[in-house]
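Below: one structure, written as structure tokens.
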Amino acid sequence: MQIIVNHIDHIYNPGTVFEKKALSDVTFKAEDGEYIGLVGHTGSGKSTLALHLNGLMKPTSGGIYYDGVDIASEGYDLRSLRGKVGLVFQYPEHQLFEEDVFTDVCFGPKNLGLEPEETEQRAYESLKAVGIDDDRFYVSPFDLSGGEKRRAAIAGVLAMKPEVLVLDEPCAGLDPQGREEILSIADSLHEMLGITVIIISHSMDDLAEHVERMLVMHEGKLVMDGPAREVFMHREELESMGLAVPEAQAVLSDLKKMGLPVRDDLITIDEARREILRVFGRQA
Ligand code: ADP
């Protein structure tokens with residue numbers, strides 16, 4: 001799998017008073033098995049970009065290539081692309097509608113035209129992959145907890161066996177425990193299934209301990225693209241875009257400014273704790 005986003009622009013409502021350039025000259029490449037965070041302030045263009053990745057939106061200019069083929073070319077099978085690039089929208093639980101959880105997760109693969117046996121096998125595996133117990137399979141989706149609903153919705157997309165999974169603000173509206181639960185599911189889907197996972201978030205803290213690569217959007221432009229640790233080193237630039245670096249890194253960089261000889265390229269709380277203890281000559 002490879003996606004190339006090549007110099008795309010997207011303009012909403014062109015030629016009207018509501019004209020809005022939401023994407024401006026965005027270029028990047030995503031390869032098999034990558035774990036990417038797409039971050040940016042609200043309105044920076046993240047969701048618009050996500051909708052382009054599976055062909056739900058077309059760029060105003062520029063192109064998107066999936067496995068080397070322009071997805072805007074004539075006769076391109078967009079339906080199959082939508083199975084390969086699974087998009088989990090914000091608040092996906094609003095799209096749960098069948099009478100029970102299992103039937104809901106079967107909806108996608110059934111729509112792909114798969115046989116009932118294969119459909120059910122996929123639904124079972126997907127629900128297991130997101131940590132939903134068998135005894136919850138046949139309850140109404142409306143009786144699930146908030147976190148379970150969201151996991152069931154992710155299972156519905158997973159059942160299509162995507163090569164790329166795009167999660168748009170998967171932590172929105174969840175408490176810290178719920179957020180961590182969803183992110184550790186994203187980790188395990190990336191690790192166990194080996195698929196490319198792209199998590200969209202406006203919170204760098206949510207992503208710091210999870211993704212490997214970070215794409216930063218600002219006012220429709222892709223302004224940074226690199227390993228998460230390197231991106232976080234640009235604290236002032238990020239803060240000027242309304243993005244806070246992870247708390248652990250902010251503390252280390254403040255201590256460094258105050259003259260303490262700490263490293264400031266560490267991003268997890270555990271790393272920061274060890275580093276501070278090291279500087280004071282104590283064992284972690
Ligand atoms: P994000 O996901 O980073 O919050 P969006 O992609 O939703 O950003 O929005 C990018 C910009 O495009 C914003 O200025 C937003 O107001 C505008 N926008 C989004 N959707 C539409 C739409 N359907 N019509 C017009 N403008 C839109």
Side-chain angles (χ1 to χ4, degrees), residues 1-10 22-23 26-40 45-60 62-92 95 105 107-114 119 122-123 125-126 129-130 150-170 182 185-201 207 210-215 217 222 225:
M1 187 301 297
Q2 183 194 58
I3 300 179
I4 295 176
V5 173
N6 190 34
H7 297 287
I8 65 166
D9 284 352
H10 188 88
L23 295 177
V26 174
T27 293
F28 70 93
K29 191 158 76 170
E31 305 277 356
D32 231 3
E34 282 199 276
Y35 197 9
I36 300 175
L38 177 60
V39 290
K46 305 180 299 293
S47 298
T48 304
L49 180 56
L51 291 166
H52 280 76
L53 297 180
N54 73 352
L56 279 171
M57 267 190 190
K58 288 194 167 33
T60 311
I64 295 166
Y65 300 81
Y66 196 87
D67 287 339
V69 184
D70 184 347
I71 67 170
S73 55
E74 214 176 298
Y76 190 86
D77 187 356
L78 280 173
R79 204 174 110 124
S80 123
L81 179 72
R82 282 173 200 145
K84 289 182 193 158
V85 182
L87 184 54
V88 181
F89 293 97
Q90 288 184 39
Y91 296 100
Q95 289 155 39
V105 176
F107 181 81
K110 195 168 144 195
N111 249 3
L112 285 179
L114 299 176
T119 297
R122 285 188 181 198
E125 286 169 5
S126 304
V130 298
R150 196 155 296 181
R151 285 187 271 142
I154 294 173
V157 172
L158 266 188
M160 317 265 275
K161 289 224 164 129
E163 296 173 341
V164 182
L165 182 67
V166 184
L167 303 165
D168 194 352
E169 296 280 2
I182 290 289
I185 285 168
D187 289 353
S188 71
L189 296 177
H190 169 248
E191 266 162 45
M192 285 179 351
L193 307 178
I195 56 177
T196 305
V197 176
I198 303 179
I199 303 183
I200 298 179
S201 176
L207 299 179
H210 298 274
V211 301
E212 291 151 4
R213 174 180 169 197
M214 197 75 90
L215 302 178
M217 299 284 300
L222 180 61
D225 176 1

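Note that the numbering runs from 1 along the sequence shown for the chain. These numbers come from the heavy atoms of this one structure, side chains and all, not from hydrogens, waters or symmetry mates.
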Inset, instruction - State, yes or no, whether a side-chain contact exists between Arg82 and Met160 at a heavy-atom distance under 4.5 Å. - result: no

Inset, instruction - Compare all side-chain heavy atoms of Leu193 with those of Leu165 and state whether any distance is below 4.5 angstrom. - result: no

Inset, instruction - Return the set of residues passing side-chain hydrogen bond (donor to acceptor under 3.5 Å, both in side chains) with Thr60 (not counting sequence neighbours), or none when no residue passes. - result: none

Legend entry - Side chain to side chain, Glu169 and Phe89, heavy atoms closer than 4.5 Å: no

Legend entry - Nearest-0.5 Å distance that lies between atom CD1 in Ile3 and atom CG in Leu81: 7.5 Å

Inset, instruction - Go through the steps for Ile185 and Arg150 under the test side chain to side chain contact (heavy atoms under 4.5 Å, CB included), then give the verdict. - result: CA-CA 11 Å; Ile185 285 168; Arg150 196 155 296 181; over 6 Å; no

Legend entry - salt bridge (Lys or Arg N to Asp or Glu O under 4.0 Å) pairs, two or more places apart, involving residues 151-168: Arg151-Glu181

Inset, instruction - Compare all side-chain heavy atoms of Leu53 with those of Val164 and state whether any distance is below 4.5 angstrom. - result: no

Inset, instruction - Check whether any side-chain heavy atom of Lys29 sits under 4.5 Å from a side-chain heavy atom of Gln2, and report yes or no. - result: yes

Legend entry - Nearest heavy atoms of Pro109 and Arg122, plus distance in Å: CB-CD, 4.3 Å

Inset, instruction - Only counting residues at least two apart or in another chain, list the ones meeting side-chain hydrogen bond (donor to acceptor under 3.5 Å, both in side chains) with His190. - result: none

Legend entry - Contact summary for Ile195 and Pro162, nearest pair of heavy atoms: CG2-O, 3.4 Å

Legend entry - Ser188 to Ala129 - nearest heavy-atom pair and separation: OG-O, 4.5 Å

Legend entry - side chain to side chain contact (heavy atoms under 4.5 Å, CB included) between Ile154 and Ile182, worked out: CA-CA 10 Å; Ile154 294 173; Ile182 290 289; 4.3 Å; yes

Inset, instruction - Only counting residues at least two apart or in another chain, list the ones meeting side-chain hydrogen bond (donor to acceptor under 3.5 Å, both in side chains) with Asp225. - result: Arg213

Inset, instruction - Output all residues satisfying ring pair (Phe, Tyr, Trp, His ring centres under 6.0 Å) with His10, sequence neighbours left out; order by chain, then residue number. - result: Tyr12, His52

Legend entry - Sub-4.5 Å side-chain heavy-atom contact between Val85 and Tyr66: yes

Inset, instruction - Taking atom NZ of Lys110 as the centre, report whether more than 12 heavy atoms of other residues, nucleotides or ligands fall under 6.0 Å from it. - result: no

Legend entry - Any Val166 side-chain heavy atom under 4.5 Å of Asn54 side chain: no

Inset, instruction - Report yes if the side chains of Tyr35 and Ile199 come closer than 4.5 Å at any heavy-atom pair, otherwise no. - result: yes

Inset, instruction - Look only at the side chain of Lys58 and the backbone of Ala72, and say whether a donor-acceptor pair between them is shorter than 3.5 Å. - result: no

Inset, instruction - Using the test ring pair (Phe, Tyr, Trp, His ring centres under 6.0 Å), find all partners of Phe107 that sit at least two apart in sequence or belong to another chain. - result: Phe97

Legend entry - Evaluation steps, side chain to side chain contact (heavy atoms under 4.5 Å, CB included), between Thr27 and Leu222: CA-CA 7 Å; Thr27 293; Leu222 180 61; 6.0 Å; no

